[in-house]
Chemist: 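Just passing along the structure, written as structure tokens.
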Amino acid sequence: ADLLENPERLRTVLGYHVIENESFSIDDLHTRADGLEEQLTMSGLLPLNNGELGITIGDAGLISAIEASNGSIVVIDRVIMPRPVNSNTR
């Protein structure tokens with residue numbers, strides 16, 4: 001379904017792009033990726049990895065981090081989408 005036609009799904013997708021009450025630099029993200037396996041967002045946990053190709057958050061690659069007066073903007077190379085729910089699992 002189109003996200004504009006499904007406000008709840010849009011809210012969930014946007015929530016994967018928000019880490020509440022946090023401000024950090026690119027160095028902080030490298031440290032976090034070395035020590036954490038997941039990062040809590042407003043919509044749930046995302047895998048955080050510091051591998052050969054650099055830092056990834058979910059399936060998105062980290063481009064840069066910009067510190068602002070009210071938080072941080074983390075630039076990634078794609079939109080993070082929630083994983084589909086398998087209706088056969090309980």
Side-chain angles (χ1 to χ4, degrees):
D2 186 40
L3 289 176
L4 294 177
E5 295 171 4
N6 187 336
E8 187 59 36
R9 180 135 170 95
L10 177 60
R11 188 176 299 110
T12 300
V13 169
L14 293 175
Y16 276 111
H17 296 81
V18 178
I19 301 171
E20 199 170 21
N21 300 320
E22 298 263 355
S23 180
F24 37 78
S25 67
I26 194 116
D27 290 335
D28 294 333
L29 283 172
H30 278 282
T31 301
R32 283 171 176 249
D34 286 338
L36 294 175
E37 293 181 9
E38 297 180 309
Q39 175 64 56
L40 181 62
T41 69
M42 289 185 69
S43 287
L45 292 170
L46 287 174
L48 185 63
N49 187 24
N50 192 2
E52 269 184 35
L53 301 175
I55 295 175
T56 56
I57 304 167
D59 295 331
L62 175 70
I63 303 296
S64 68
I66 303 162
E67 293 182 68
S69 62
N70 63 344
S72 300
I73 301 166
V74 177
V75 182
I76 55 177
D77 62 3
R78 67 184 65 196
V79 174
I80 301 170
M81 297 295 287
R83 293 188 180 131
V85 176
N86 185 342
S87 60
N88 296 328
T89 60
R90 293 179 190 226

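Keep in mind that the numbers below use all heavy atoms, side chains included, and drop hydrogens, waters and symmetry copies.
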Chemist: Following the transitive rule for hydrophobic clusters with a side-chain heavy-atom cut-off under 4.5 Å over Ile, Leu, Val, Met, Phe, Trp and Tyr, establish whether Met81 and Leu14 coincide in one cluster.
Modeler: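 Same cluster.
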Chemist: Restricting to non-hydrogen atoms, name the atom on Thr12 and the atom on Ser43 that form the minimum distance, rounded to 0.1 Å.
Modeler: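 What the structure gives for the nearest pair is O-OG, 2.7 Å.
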Chemist: Begin with the C-alpha distance, continue with both residues' side-chain angles, and end with the deciding distance and a verdict on side-chain contact (heavy atoms from CB on, under 4.5 Å) for Arg11 and Met42.
Modeler: CA-CA 10 Å; Arg11 188 176 299 110; Met42 289 185 69; over 6 Å; no
Chemist: Which of these, Leu45, Ile57, Leu46, sits in a side chain to side chain contact (heavy atoms under 4.5 Å, CB included) with Tyr16?
Modeler: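 Checked Leu45, Ile57, Leu46 against Tyr16; only one passes side chain to side chain contact (heavy atoms under 4.5 Å, CB included): Leu46.
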Chemist: Could you see if Leu62 belongs to whatever hydrophobic cluster contains Ile73? Use Ile, Leu, Val, Met, Phe, Trp, Tyr and a side-chain cutoff under 4.5 Å.
Modeler: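 No; tracing contacts between hydrophobic side chains, which count when under 4.5 Å, never links both residues.
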Chemist: Among Leu48, Asp34, Asn49, find the one that has a side chain to side chain contact (heavy atoms under 4.5 Å, CB included) with Ile55.
Modeler: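 Testing Ile55 for a side chain to side chain contact (heavy atoms under 4.5 Å, CB included) against Leu48, Asp34, Asn49 leaves exactly one candidate, Leu48.
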Chemist: For Val79, is there any backbone N or O sitting under 3.5 Å from a side-chain donor or acceptor partner on His17?
Modeler: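 The answer is no, because no donor-acceptor pair under 3.5 Å joins these two groups.
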